[in-house]
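Here the structure is laid out as C-alpha coordinates; the discussion comes afterwards.
Heavy atoms only: backbone and side chains are in, while hydrogens, waters and symmetry mates are out. Sequence positions, counted from 1, serve as the residue numbers for this chain.
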Amino acid sequence: MSIRPLVILPDARLREISAPVGTITGDVRKLAEDMLETMYDAPGVGLAGIQIGEAVRIVTIDTSKEKEDRKPLVLLDPEIVWSSEETRPYEEGCLSIPDYYAEVIRPDRVRVRFRTLDGETVEQEADGLLATCLQHEIDHLNGVLFIDHLSKLKRDRVMKKFAKAAKREAA
(Lines give C-alpha, C1' and ligand atoms only; values in the text may rest on other atoms or scores of the structure.)
Protein backbone atom coordinates (compact mmCIF):
# COMPACT_ATOMS: atom_id res chain seq x y z
CA MET A 1 0.00 0.00 0.00
CA SER A 2 1.11 3.53 -0.62
CA ILE A 3 -0.11 7.05 -0.11
CA ARG A 4 -0.69 8.69 -3.48
CA PRO A 5 -0.54 12.42 -4.27
CA LEU A 6 -3.90 14.15 -4.49
CA VAL A 7 -5.09 15.91 -7.65
CA ILE A 8 -5.88 19.51 -6.65
CA LEU A 9 -8.13 22.12 -8.27
CA PRO A 10 -7.73 23.61 -10.93
CA ASP A 11 -6.30 20.37 -12.42
CA ALA A 12 -8.45 19.53 -15.48
CA ARG A 13 -8.41 15.81 -14.63
CA LEU A 14 -11.03 16.52 -11.94
CA ARG A 15 -13.50 17.19 -14.79
CA GLU A 16 -12.89 13.83 -16.50
CA ILE A 17 -15.64 11.22 -16.57
CA SER A 18 -14.23 8.01 -15.11
CA ALA A 19 -14.36 4.69 -16.98
CA PRO A 20 -16.01 1.54 -15.59
CA VAL A 21 -13.76 -0.72 -13.51
CA GLY A 22 -14.32 -3.82 -15.65
CA THR A 23 -12.63 -6.99 -14.42
CA ILE A 24 -11.57 -6.96 -10.77
CA THR A 25 -7.83 -7.58 -10.93
CA GLY A 26 -4.92 -7.36 -8.52
CA ASP A 27 -4.33 -3.83 -9.84
CA VAL A 28 -7.90 -2.84 -8.90
CA ARG A 29 -7.41 -4.26 -5.40
CA LYS A 30 -4.07 -2.43 -5.05
CA LEU A 31 -5.71 0.82 -6.20
CA ALA A 32 -8.45 0.37 -3.56
CA GLU A 33 -5.80 -0.19 -0.85
CA ASP A 34 -3.84 2.87 -1.98
CA MET A 35 -7.03 4.95 -2.01
CA LEU A 36 -7.95 3.90 1.52
CA GLU A 37 -4.47 4.64 2.80
CA THR A 38 -4.43 8.03 1.02
CA MET A 39 -7.93 8.88 2.33
CA TYR A 40 -7.03 8.01 5.94
CA ASP A 41 -3.73 9.91 5.71
CA ALA A 42 -5.34 13.09 4.32
CA PRO A 43 -7.57 12.71 6.50
CA GLY A 44 -10.89 12.43 4.68
CA VAL A 45 -14.11 10.41 4.71
CA GLY A 46 -14.25 9.71 0.98
CA LEU A 47 -12.05 9.52 -2.11
CA ALA A 48 -12.74 8.91 -5.80
CA GLY A 49 -10.15 7.35 -8.11
CA ILE A 50 -9.78 10.54 -10.16
CA GLN A 51 -8.62 12.38 -7.03
CA ILE A 52 -5.37 10.42 -7.24
CA GLY A 53 -5.23 10.61 -11.03
CA GLU A 54 -6.97 7.28 -11.80
CA ALA A 55 -9.97 7.88 -14.08
CA VAL A 56 -11.74 4.69 -13.04
CA ARG A 57 -15.12 4.36 -11.29
CA ILE A 58 -13.91 3.41 -7.82
CA VAL A 59 -14.77 5.13 -4.54
CA THR A 60 -13.57 4.58 -0.98
CA ILE A 61 -15.57 5.84 2.01
CA ASP A 62 -15.31 5.60 5.77
CA THR A 63 -17.66 7.75 7.84
CA SER A 64 -16.76 6.16 11.19
CA LYS A 65 -15.93 8.60 13.97
CA GLU A 66 -12.35 9.14 15.15
CA LYS A 67 -12.54 6.90 18.23
CA GLU A 68 -14.52 4.12 16.48
CA ASP A 69 -13.17 1.15 14.58
CA ARG A 70 -12.68 1.91 10.91
CA LYS A 71 -15.46 0.75 8.59
CA PRO A 72 -14.02 1.11 5.09
CA LEU A 73 -16.34 0.83 2.10
CA VAL A 74 -14.99 0.20 -1.40
CA LEU A 75 -17.50 0.77 -4.19
CA LEU A 76 -16.80 -0.27 -7.77
CA ASP A 77 -18.91 1.30 -10.53
CA PRO A 78 -21.33 2.92 -8.03
CA GLU A 79 -24.52 4.54 -9.28
CA ILE A 80 -27.38 6.26 -7.53
CA VAL A 81 -30.56 4.35 -8.38
CA TRP A 82 -32.93 6.38 -6.18
CA SER A 83 -32.86 9.59 -4.20
CA SER A 84 -35.41 11.12 -1.85
CA GLU A 85 -37.36 14.25 -2.67
CA GLU A 86 -36.49 15.55 0.80
CA THR A 87 -33.23 17.47 0.86
CA ARG A 88 -30.81 18.42 3.57
CA PRO A 89 -27.99 20.98 3.79
CA TYR A 90 -24.58 19.66 4.76
CA GLU A 91 -21.27 21.47 5.00
CA GLU A 92 -18.97 19.79 2.51
CA GLY A 93 -15.27 19.93 1.89
CA CYS A 94 -13.07 18.08 -0.59
CA LEU A 95 -9.54 16.72 -0.47
CA SER A 96 -9.05 18.13 -3.99
CA ILE A 97 -10.18 21.60 -2.85
CA PRO A 98 -8.20 21.93 0.39
CA ASP A 99 -9.38 24.14 3.23
CA TYR A 100 -12.59 25.25 1.50
CA TYR A 101 -15.99 24.32 2.93
CA ALA A 102 -19.50 25.31 1.88
CA GLU A 103 -23.06 24.25 2.56
CA VAL A 104 -24.52 22.07 -0.20
CA ILE A 105 -28.13 20.94 -0.43
CA ARG A 106 -28.55 17.35 -1.61
CA PRO A 107 -31.18 14.62 -1.34
CA ASP A 108 -31.42 13.43 2.26
CA ARG A 109 -31.46 9.71 1.35
CA VAL A 110 -30.14 7.69 -1.58
CA ARG A 111 -29.99 4.09 -2.74
CA VAL A 112 -26.75 3.12 -4.43
CA ARG A 113 -25.91 0.07 -6.52
CA PHE A 114 -22.26 -0.98 -6.74
CA ARG A 115 -19.93 -3.96 -6.94
CA THR A 116 -17.70 -5.04 -4.08
CA LEU A 117 -14.09 -6.17 -4.48
CA ASP A 118 -15.49 -9.73 -4.38
CA GLY A 119 -17.57 -8.97 -7.49
CA GLU A 120 -20.89 -9.03 -5.64
CA THR A 121 -23.52 -6.50 -6.77
CA VAL A 122 -25.02 -4.71 -3.78
CA GLU A 123 -27.77 -2.14 -3.28
CA GLN A 124 -27.48 -0.03 -0.15
CA GLU A 125 -29.68 2.74 1.18
CA ALA A 126 -28.05 5.57 3.08
CA ASP A 127 -28.94 8.80 4.85
CA GLY A 128 -27.09 11.54 6.72
CA LEU A 129 -23.34 11.85 6.26
CA LEU A 130 -23.05 8.59 4.30
CA ALA A 131 -25.71 9.72 1.78
CA THR A 132 -23.92 13.06 1.34
CA CYS A 133 -20.56 11.35 0.95
CA LEU A 134 -21.88 8.86 -1.61
CA GLN A 135 -23.37 11.66 -3.70
CA HIS A 136 -20.19 13.76 -3.44
CA GLU A 137 -17.89 10.90 -4.50
CA ILE A 138 -20.15 9.64 -7.30
CA ASP A 139 -20.24 13.23 -8.58
CA HIS A 140 -16.42 13.04 -8.85
CA LEU A 141 -16.74 9.99 -11.12
CA ASN A 142 -18.86 12.14 -13.43
CA GLY A 143 -16.50 15.14 -13.44
CA VAL A 144 -18.68 17.13 -11.02
CA LEU A 145 -17.26 18.95 -7.98
CA PHE A 146 -19.20 20.02 -4.90
CA ILE A 147 -18.58 23.65 -5.82
CA ASP A 148 -20.73 23.04 -8.92
CA HIS A 149 -23.71 22.93 -6.53
CA LEU A 150 -22.96 26.48 -5.32
CA SER A 151 -23.93 29.80 -6.87
CA LYS A 152 -21.91 30.92 -9.90
CA LEU A 153 -20.43 33.77 -7.86
CA LYS A 154 -19.13 31.46 -5.10
CA ARG A 155 -17.87 28.86 -7.61
CA ASP A 156 -16.04 31.53 -9.65
CA ARG A 157 -14.36 32.87 -6.49
CA VAL A 158 -13.11 29.41 -5.54
CA MET A 159 -11.86 28.68 -9.06
CA LYS A 160 -10.03 32.02 -9.18
CA LYS A 161 -8.42 31.43 -5.77
CA PHE A 162 -7.14 27.97 -6.73
CA ALA A 163 -5.99 29.10 -10.20
CA LYS A 164 -3.91 31.87 -8.55
CA ALA A 165 -2.44 29.39 -6.05
CA ALA A 166 -1.51 27.00 -8.89
CA LYS A 167 0.24 29.82 -10.79
CA ARG A 168 2.21 30.77 -7.66
CA GLU A 169 3.30 27.15 -7.17
CA ALA A 170 4.32 26.81 -10.82
CA ALA A 171 6.45 29.98 -10.69
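In terms of heavy atoms, Val21 sits closest to Asp77 at N-OD1, 2.7 Å. Pairing each heavy atom of Pro78 with each of Leu75, the nearest pair is CD-O, 3.8 Å. Among all heavy-atom pairs drawn from Tyr100 and Ile147, the shortest one is CE2-CG2, 4.0 Å. Residue Gly46 comes nearest to Leu95 through the heavy atom pair O-CD1, 3.9 Å, listed as atom of the first residue, atom of the second, then distance.
A salt bridge is defined here as a Lys NZ or Arg NE, NH1 or NH2 lying under 4.0 Å from an Asp or Glu carboxylate O, and Arg70 with Asp62 fails to meet this definition. Ion pairing between Arg88 and Asp108 holds under the 4.0 Å rule for side-chain N and carboxylate O. A salt bridge links Asp34 with Lys30: the closest approach of a Lys/Arg side-chain nitrogen to an acidic carboxylate oxygen falls below 4.0 angstrom.
Residues Glu92 and Arg106 form a side-chain contact, since some pair of their non-hydrogen atoms from C-beta on lies under 4.5 Å apart. With contacts defined as side-chain heavy-atom distances shorter than 4.5 Å, the pair Val56/Val28 does not qualify. Annotation: side chain of Ile97 is in contact with side chain of Phe162 (closest heavy-atom distance under 4.5 Å). Within the 4.5 Å cutoff, the side chain of Val74 has no heavy atoms near those of the Met35 side chain.
Rounded to the nearest 0.5 Å, atoms NE2 (His136) and CZ (Phe146) are 6.5 Å apart.
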Inset, instruction - Take Arg15 and Asp148, measure what salt bridge (charged side-chain N to carboxylate O under 4.0 Å, His left out) needs, and give me the verdict at the end. - result: CA-CA 11 Å; Arg15 295 301 186 174; Asp148 296 337; 2.5 Å; yes
